[in-house]
Amino acid sequence: MKNYELVFDEVILKQLKKLERDAHTKEIVSKILDKIEESGPNAGNLIDPRLRIYEVKRKHPPIRLYYKIVEERKEAYIFEYEMKTSQEKQDETILNIKSKAKNLES
């Protein structure tokens, strides 16, 4: 039963293509996407209330996936995922995603 339609950013599309060679990570990302499709905002943690950006974290392997909910259209806009790296890298990724999310609204 899906409640939210997934809309993919070009970054995540490239990442998913690369995952063809990594079945384990592909399976984990696929499960995260299924959960977002079913639960929308409840699948992750809200990291920017104004832009409605969420993050899903997994510990093994350490993956973070970022998405935005557009409630009016019941869409989950999937930005990208990253393997957990440094706090600086994560902050940079979140800044890029916030910028993309703002562009979606205009």
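Residues forming a salt bridge (charged side-chain N to carboxylate O under 4.0 Å, His left out) with Glu92 (at least two apart in sequence, or on another chain): none. Applying the side chain to side chain contact (heavy atoms under 4.5 Å, CB included) criterion to Lys26, with sequence neighbours excluded, gives Leu19, Glu20. Not a single salt bridge (charged side-chain N to carboxylate O under 4.0 Å, His left out) links Glu5 to another residue, sequence neighbours left out. Lys14 pairs by the side chain to side chain contact (heavy atoms under 4.5 Å, CB included) definition with nothing, not counting sequence neighbours.
One hydrophobic cluster holds both Ile78 and Ile69 under the rule that ILVMFWY side chains link at heavy-atom gaps under 4.5 Å.
Other cluster members for Val70: none, since no ILVMFWY side-chain heavy atom sits under 4.5 Å from it.
With hydrogens and angles left out, the side-chain atoms of Thr25 and Asp22 include a donor and acceptor closer than 3.5 Å.
Pairs passing the salt bridge (charged side-chain N to carboxylate O under 4.0 Å, His left out) check and including a residue from residues 61-73, sequence neighbours excluded, read Arg52-Glu71, Glu55-Arg64, Lys68-Glu105, Glu71-Lys74, Arg73-Glu75.
Asp9 and Phe79 get closest at one heavy-atom pair: CB-O, 3.6 Å. Residues Tyr54 and Gly44 share a closest heavy-atom pair of CD2-O, 4.0 Å. When every heavy atom of Leu46 is checked against every heavy atom of Ile53, the shortest pair comes out as CD1-O, 3.6 Å. When every heavy atom of Tyr4 is checked against every heavy atom of Ser39, the shortest pair comes out as CE1-C, 4.1 Å.
The distance from atom CZ of Arg58 to atom CD1 of Ile32, rounded to the nearest 0.5 Å, is 4.5 Å. Distance OH/Tyr77 to CD1/Ile36: 13.5 Å, rounded to 0.5 Å.
Although no hydrogens or angles enter the test, the distance criterion places a donor-acceptor pair under 3.5 Å between the side chain of Asn3 and the main chain of Glu38. Under a 3.5 Å cut-off, the side chain of Glu80 and the backbone N or O of Gln15 do not form any donor-acceptor pair.
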